[in-house]
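Contents: one structure, followed by commentary.
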Amino acid sequence: MISLVLPGAVLLFVAWAIHQEQSVREAAVRYAAFICFGTLASSTLLSWYHNYARVLCASVVATLAIWTFGQPNFQPGMMESAMAFLIPLNFALFAATKEHGFMTLEGAFKAGLIAVQILLVELAGDSSSATLHTFLRFGEHSLSWTWMSWSVVLSFTAVACFLVVLVCLRRTSVEAGLFWALMGVLAAIGHVGDPGTLYLFGSAVGLVLSFAVLEHGFDMAYRDELTGLPGRRAFNEVLQQLRRRYTIAMCDVDNFKSFNDTYGHDAGDQILKTVASMLFGVKGGGRAFRYGGEEFALVFNGRSAEEVQPFLESMRDAIAEMGLVLNGRAHTGKAKGPDAEPSLRITVSIGVADSSGNHVRPEVVLEAADAALYRAKEAGKNCVRQ
């Protein structure tokens, strides 16, 4: 999920809008520091509690940056330039690595890496660090609109582009949160000498990272990691919210165990993801869920079984006719020659029941849909039964 894209942009826009409006800004800056470090502390504690090392480390780095650049009478120097250069590189590292928790060797490595960078930043203030000075001041005189050197600006730009790619590829809240947090840090440290505005953007950073933790926790609890569909827990909650007329359809991938045994579990996972994407796009207002194993559920609120039948048949036909690539080989149901791989055809069986008649409770409708699915299997599979 990347639902943090809009909230992240909104939070930074609000911080910018407050900065632009003089009267609102004067009222807000009195509390900006408290809100800033309060939200950053919140993101740190939430990520610690949920054992999300990537967000925890990003919160620590952002807090150190805001604290350093928000000091009264701040004057940018080599130490600050070194720190600004390293901030986006940390975010890139946190985003690129997988989440293994904080109390692991990888989590300890990230914490140790932050500590080592603090020592390096201190060394950057030493006038004897000539090589580092030259690198950090590269192109500095060409930037009249900011105190940051070209190396710092390029570091932020390259990592921002990298995070955008990760957001598009992985589509999770953590990468989206890290991207907007990095943009918030950039906006904050761009206002050195103006602690009020710096803390306003720092508050947005803390909120973005806190939302990233909460949304990631929601995804873990309610969303199936493999297919990206809402999981069993989300389905059970939706059942309790159903009222009056609705239809439940249970879908099962035909011969899935045989596919797993023949092509391997990686191929089986690919089949499930492909089928899930087709179910997600079902017409008629249906909501798709991963029920368990190779079984999926569709909920059509406000429609009868007869009304959703055409949508289910159309979806079933599309799944049966689609081409598929497994393990790097194309399978479209037709052999391409004497040496071609065996044809592979994915089909689903669907059982449908609605809330009409004696089916007055969602649990009863679900049982009826399960029974209809069993009849579809007995009828030869690749069909829809009520």
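Predicted, not measured: the structure shown is a model, and the values here were computed from it.
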Is the cationic atom of Arg233 (NZ for Lys, CZ for Arg) positioned less than 6.0 Å from the six-membered ring centroid of Tyr222 and within 45 degrees of its normal?
->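 Yes, Arg233 sits over the ring of Tyr222.
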
Relative to Phe289, does Arg232 satisfy both conditions: NZ or CZ under 6.0 angstrom from the six-membered ring centre, and within 45 degrees of the ring's axis?
->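 Verdict for Phe289: no cation-pi partner in Arg232.
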
Looking at side-chain heavy atoms only, is the closest gap between Leu366 and Leu239 below 4.5 Å?
->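 Yes, close enough: below the 4.5 Å cut-off.
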
Indicate the atoms forming the closest heavy-atom contact of [X] with [Y], along with that distance.
X: Ser43; Y: Val213; result: O-CG2, 4.4 Å
X: Ala212; Y: Gly177; result: CB-CA, 4.2 Å
X: Leu272; Y: Phe296; result: O-CZ, 3.9 Å
X: Pro230; Y: Ala288; result: CD-O, 3.4 Å
X: Ala297; Y: Met250; result: CB-SD, 3.8 Å
X: Cys383; Y: Ala376; result: SG-O, 3.4 Å

Over 12 non-hydrogen atoms of neighbours within 6.0 angstrom of CD in Glu225 |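 Atom CD in Glu225 is not packed in, count stays at 12 or less.
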
When you look at CZ of Phe280, are more than 12 heavy atoms from neighbouring residues, nucleotides or ligands closer to it than 6.0 Å?
->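 Atom CZ in Phe280 is not packed in, count stays at 12 or less.
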
List the steps, then state whether side chain to side chain contact (heavy atoms under 4.5 Å, CB included) holds for Leu182 with Leu178.
-> CA-CA 6 Å; Leu182 181 65; Leu178 291 177; over 6 Å; no

Check: Tyr246 ring centre within less than 6.0 Å of Phe300 ring centre =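 They do not qualify: ring centres at least 6.0 Å apart.
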
Any side-chain to backbone donor/acceptor pair from [X] onto [Y]? Under 3.5 Å, distance only.
X: Asp354; Y: Thr247; answer: no
X: Arg385; Y: Val352; answer: no
X: Thr63; Y: Leu40; answer: no

State plainly whether the residues Asp269 and Lys273 are in salt-bridge range, i.e. N to O under 4.0 Å.
->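 Lys273 and Asp269: not salt-bridged.
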
Give a yes or no on whether a salt bridge exists between Glu378 and Arg375, defined as a side-chain N under 4.0 angstrom from a carboxylate O.
->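 Judged by the 4.0 Å cut-off on N to carboxylate O distance, Glu378 and Arg375 do not form a salt bridge.
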
Whether Tyr52 and His50 hold their rings parallel, tilted or perpendicular, with breakpoints at 30° and 60° =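 The rings of Tyr52 and His50 lie parallel, inter-plane angle below 30°.
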
Classify the angle between the aromatic ring planes of His191 and Phe201 as parallel (below 30°), tilted (30 to 60°) or perpendicular (above 60°).
->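 The rings of His191 and Phe201 lie parallel, inter-plane angle below 30°.
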
